[in-house]
Asker: 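First the structure, which I've put down as structure tokens, then a few questions once you've had a look.
Read the numbers this way: they start at 1 and go in the same order the structure lists the ligands and their atoms.
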Amino acid sequence: MIHTVLGEIESESLGVTLMHEHIMYSSAGADLVKSIDYDREQIVKHMLPYLQMLKKSGCNTLVDSTPPEEGRDALLLQQCASKTGLNIITNIGTFHGDKVFKEIREGSIDEITSYWIEEYHTGIDCTGVKPGFIKIALNDFGDLTSLQEKILRAAARASLVTGLTIQCHIKLTKSVLQAAHILIEEKLPFHKFIWAHADYESDVSTITDLARKGMWIEIDQIGRVPYIKPIQLLKRCINVDILDRVLISQDAGCYHVEEQWGGSIVPFHRLFTEFIPLCEQYGIKRSVFTKLLQENPAACLEIE
Ligand SMILES: [Zn+2]
């Protein structure tokens, strides 16, 4: 079973899935994001052609990874889903550094865990929309801070209770190793944890090691970096036989609320129209993408 913004579906119905995209984003910051004023209808109307194009290119499901502090809007996602027929999946969780709500900055591990579990049961922001995963983020430099460690432990405990998988923004290999250590202490199986942006440093030996232990490896900067980089990484994942643990996406989009007409938007469909055909030219079989875009997302997001 998986929660989309329009309700529960069986994981077999998920279909072709992009695991990490963004439809809307706000840079107002944690303290202001809940009070920003925007025209939801207008944003939906603006983003609709990008989502329709994605659907037309063969995609069935989009995982929206915008955390609450960056403008997660469950009602907007609901409208996008009902107007396009795409399954859209949203999250509970938080971001990092000063992009974290005061309640989370100041709360204890137990308080944050209970807050997320309650949000899971009652729905996001009183909308009744259920989250399909937990989104968190680690720092982009240095060691894990005490705030990060607290958030990670709370997410692990909320995952154990709700069955939701954690998608964690991690740019550094050093950070994922520190996170892995904490997950072991919290007794969260690695198959409930996605290392998002694993392609940022592309450290194949760490990727291979953690994938073999069950962690999901998300190659999600496709198009943000030249295609050749993820193609080479995918080929290495095939060579070391860890394809069962790999997810792909583009981290594309999105409507930036603070910019006129949302700023420049990166379309969602290019993975299908440009990247996959290019992969075939580099000898990656099309059947590989059934695993990466259908079988793996269904297994990863399944609520146990
Ligand atoms: Zn992202």
Asker: So which pairs with a foot in residues 163-190 pass ring pair (Phe, Tyr, Trp, His ring centres under 6.0 Å), sequence neighbours left out?
Answerer: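 Of all non-adjacent pairs touching residues 163-190, those that pass ring pair (Phe, Tyr, Trp, His ring centres under 6.0 Å) are F95-H169, H96-H169, H169-H197.
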Asker: Sequence neighbours excluded, which residues qualify as side-chain hydrogen bond (donor to acceptor under 3.5 Å, both in side chains) partners of S65?
Answerer: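 With sequence neighbours excluded, S65 shows a side-chain hydrogen bond (donor to acceptor under 3.5 Å, both in side chains) to Q167, given in chain and number order.
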Asker: With a 4.5 Å limit on heavy-atom distance, are the side chains of I36 and V257 in contact?
Answerer: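 Yes - at least one pair of side-chain heavy atoms lies under 4.5 Å apart.
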Asker: Kindly say whether the aromatic ring centers of H3 and Y120 come within a distance under 6.0 Å.
Answerer: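 Distance test on ring centres: under 6.0 Å, yes.
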Asker: Provide the tally of protein N/O/S atoms nearer than 2.8 Å to the Zn ion (ligand 1).
Answerer: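 There are 3 of them.
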Asker: Give the table of side-chain donor-acceptor pairs shorter than 3.5 Å for residues 294-301, with sequence neighbours excluded, one pair per line with atom names and distance.
Answerer:
unit_1, atom_1, unit_2, atom_2, d
N296, ND2, L243, O, 2.8
N296, ND2, V246, O, 2.8

Asker: Please state whether the rings of Y50 and H46 are parallel, tilted or perpendicular, taking 30° and 60° as the class boundaries.
Answerer: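 Tilted, since the angle between the ring planes falls between 30° and 60°.
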